[in-house]
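Contents: one structure, followed by commentary.
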Amino acid sequence: MDGIERGEQRMDGSWKDLKIVRDFFQIQEDGKMPEGSKLLLEAMEPVYFTDGQDIVTEGASPEDGMYIILEGQAHVLAGGVLVNELAEGDVVGELALIKEGVRKATVRAVGPVTCANISQSLFTEIADANRKVYAALLELLYTKTTMMVTERERLRSEIEIASRIQIGFLPKSFVHFSSLPDVKIMARMKPAKGVGGDFYDVFLIDQSRLCFLVADVSGKGVPAALFMTLAKTHIKNYMMLDMPVAEVARLVNDRLNEDNAEELFVTAFLCVLDVRTDRLTYVNAGHNKPFISRGGAPFEQLTCKVDFVLGIMEDMTYREQRTDLCPGDCLCLYTDGVTEAFDPDGQMFSDQGMEEALNRHMADAFRPEPFIDALYNEVEGFSRGAPQSDDITVVYLAR
């Protein structure tokens, strides 16, 4: 009740001056507005809801009419399932003013909520007396819908721009790495819809050592993309200081723990290949184990230890592991968007599916570009049109 009392004290006598109300009812700076809008606004009254209280209830009569959320947030539930989230400026139950029936969903307060309300009967009374009120309601709802569509388009445009910026951070050309003896490397990311968290990098530490890596940030959207950029920058900066790869992982982990309010984390497989010695040193920070083919033999998963992910817990120790990667060998790093691709029946591509796909195309194993093309085609064919739920990223090196 305290939340409601504070709401009443805060809103009494002033709620009609809120920007939400002025925008919705098209109130001009001098206070003028269309006649129908003015009559509708004057008929509305503030009402207050406590946390967990239904503003409207599925299956109930709509006689309580329409609500505009002035303060607070609410969840929309259909059959008990959360289907939408509402906040200040959103409208609830507008069709109840002009259409018979029952409520199609429940709208439940999340914390204290203040609304402006007009009942069905009061709306009918003033609208029958002045037909402009009907026109005002339709125009206001049209304006509100148009504003929502415009905002969605703006957000979609910003997400597309963020996605292009994110992809722009990733290397596209790998021609200059061909100067290294017996090295052919290629990487590709096929992003899921929107902005994801996969990334890769390939760069020279010096004239004989090549660093390559693949990683996956938890979560989606702009926060994951920003965290990806931070992680990628830290990894490259420390690698270029000529540190052991395990020390790089330790330092990157500590840096990512700083001010990580969103509690994001990164799985990563970090590699350094010394072409003079054919020695591959690597760290597996909670990532999928890569597939390796030695001397033209079939691909199989690399046997390696898996350490903790980056960004969750400070002062972690990472183990530097070693193996030979000689001329005639191939190594395929990837993210779980490959193995966790689903078909329409809910079946997963899986580690076994990837191993079989790699081995089906051994004839192209030393031609990275067609080999990666074949793997992506295998995943796409398996999915049979099912939506891609995660980024699909592959880094492939053949010697």
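Annotation: side chain of V56 is in contact with side chain of V92 (closest heavy-atom distance under 4.5 Å). I292 places none of its side-chain heavy atoms less than 4.5 Å from the side chain of P290. Considering only heavy atoms from C-beta on, Q388 stays 4.5 Å or farther from E380 through its side chain. Taking the side chain as every heavy atom from C-beta outward, Q53 and V113 never approach each other to under 4.5 Å. Side-chain contact between L210 and C271: absent, with no pair of heavy atoms (C-beta onward) separated by less than 4.5 Å. Using a 4.5 Å heavy-atom threshold, the side chains of T339 and D336 count as touching. Counting heavy atoms from C-beta outward, V214 and H287 have side chains that approach closer than 4.5 Å. Residues R322 and R279 form a side-chain contact, since some pair of their non-hydrogen atoms from C-beta on lies under 4.5 Å apart.
Residues R367 and P370 approach most closely at O-CD, 3.1 Å, considering heavy atoms. Closest approach of N253 and G311 over heavy atoms only: OD1-N, 2.8 Å. For the pair V202 and P171, the tightest heavy-atom approach, listed with the atom from each and the gap, is N-CG, 3.9 Å. A pairwise comparison of heavy atoms in T229 and T233 identifies O-OG1, 2.8 Å as the closest pair. Between P62 and V102 the shortest heavy-atom distance is CD-CA, 4.3 Å. The nearest pair of heavy atoms linking H361 to A357 is CD2-O, 3.0 Å.
Linking ILVMFWY side-chain heavy atoms closer than 4.5 Å, directly or via other members, places I69 and V47 in a single hydrophobic cluster. Cluster annotation: L213 is connected to L241 through the hydrophobic network of ILVMFWY side chains, with a link wherever side-chain heavy atoms come within less than 4.5 Å. The same ILVMFWY cluster, assembled from side-chain heavy atoms under 4.5 Å apart, contains both V275 and I185. No single ILVMFWY cluster, assembled from side-chain heavy atoms under 4.5 Å apart, contains both V306 and M354. Under a hydrophobic-cluster definition in which Ile, Leu, Val, Met, Phe, Trp and Tyr are linked whenever side-chain heavy atoms come within less than 4.5 Å, directly or via other members, F308 and L264 are assigned to the same cluster.
Checked by atom type and distance alone, the side chain of E58 pairs as donor or acceptor with a backbone atom of G79 at under 3.5 Å. Between the side chain of T393 and the backbone N or O of F199, no donor-acceptor pair lies under 3.5 Å. Under a 3.5 Å cut-off, the side chain of D254 and the backbone N or O of L251 do not form any donor-acceptor pair. Side-chain N or O atoms of D390 include none that pairs as donor or acceptor with a backbone N or O of A192 at under 3.5 Å. Side chain of E63 to backbone of Q120: no donor-acceptor contact under 3.5 angstrom is found. Between the D274 side chain and the R276 main chain, a donor and an acceptor come within less than 3.5 Å of each other. Checking side-chain atoms of E320 against main-chain N and O of A246 turns up a donor-acceptor pair under 3.5 Å. No side-chain donor-acceptor contact under 3.5 Å links D343 to the backbone of S383. Checking side-chain atoms of D373 against main-chain N and O of N377 turns up no donor-acceptor pair under 3.5 Å.
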Checklist entry - Between L256 and F227, does a side-chain contact (heavy atoms from CB on, under 4.5 Å) hold up when you go through it step by step? => result CA-CA 8 Å; L256 292 178; F227 204 70; 3.9 Å; yes

Item to check | Residue pair M44, M66: steps toward the side-chain contact (heavy atoms from CB on, under 4.5 Å) verdict | outcome: CA-CA 9 Å; M44 301 191 80; M66 178 182 79; 3.9 Å; yes

Checklist entry - Can L397 and L325 be said to form a side-chain contact (heavy atoms from CB on, under 4.5 Å), step by step? => result CA-CA 10 Å; L397 187 146; L325 193 68; 3.7 Å; yes

Next on the checklist: side-chain contact (heavy atoms from CB on, under 4.5 Å), that's the test. Do R188 and E369 meet it? Break it down for me.
Outcome noted: CA-CA 9 Å; R188 185 178 303 169; E369 188 166 1; 4.1 Å; yes

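Taken to the nearest 0.5 Å, the CG atom of D54 stands 4.5 Å off from the CZ atom of R108. Remark: K172 NZ to M189 CE distance equals 8.0 Å, nearest 0.5 Å. The CZ atom of R209 sits 10.5 Å away from the CZ atom of F203 when rounded to the nearest 0.5 Å. Taking CZ of R255 as the reference point, atom CD1 of I235 lies at 13.5 Å (rounded to 0.5 Å). Atom NZ in K184 sits 8.0 Å away from atom CZ in F366 (nearest 0.5 Å). Between atom CG of residue L273 and atom CG of residue L331 there is a gap of 9.5 Å, rounded to the nearest 0.5 Å.
D198 and T335 share a side-chain donor-acceptor pair at under 3.5 Å.
Tested against F269 for a ring pair (Phe, Tyr, Trp, His ring centres under 6.0 Å), the candidates F212, Y282, Y318 yield a single pass: Y282.
Here salt bridge (charged side-chain N to carboxylate O under 4.0 Å, His left out) pairs that include residues 299-318, with residues two or more places apart or in two chains, are D307-R319. Identified under the ring-ring contact (aromatic ring centres under 6.0 Å, His included) test for residues 375-399, with sequence neighbours left out: F349-F382, F371-Y396.
Counting non-hydrogen atoms of other residues, nucleotides and ligands closer than 6.0 Å to CD of E262 gives a total of 12 or fewer. Counting non-hydrogen atoms of neighbouring residues, nucleotides and ligands closer than 6.0 angstrom, the CD atom of E258 exceeds 12 such neighbours.
Scanning for side-chain contact (heavy atoms from CB on, under 4.5 Å) contacts around N359 gives P298, F299, E355, M362, with sequence neighbours left out.
With respect to the salt-bridge test (charged N to carboxylate O, under 4.0 angstrom), the residues K289 and D351 do not qualify. Using a 4.0 Å cut-off between a side-chain N of Lys or Arg and a carboxylate O of Asp or Glu, D324 and R294 do not qualify as a salt bridge. Using a 4.0 Å cut-off between a side-chain N of Lys or Arg and a carboxylate O of Asp or Glu, R399 and D329 do not qualify as a salt bridge. Between D64 and R103, at least one side-chain nitrogen of the basic residue sits less than 4.0 Å from a carboxylate oxygen of the acidic one, meeting the salt-bridge criterion.
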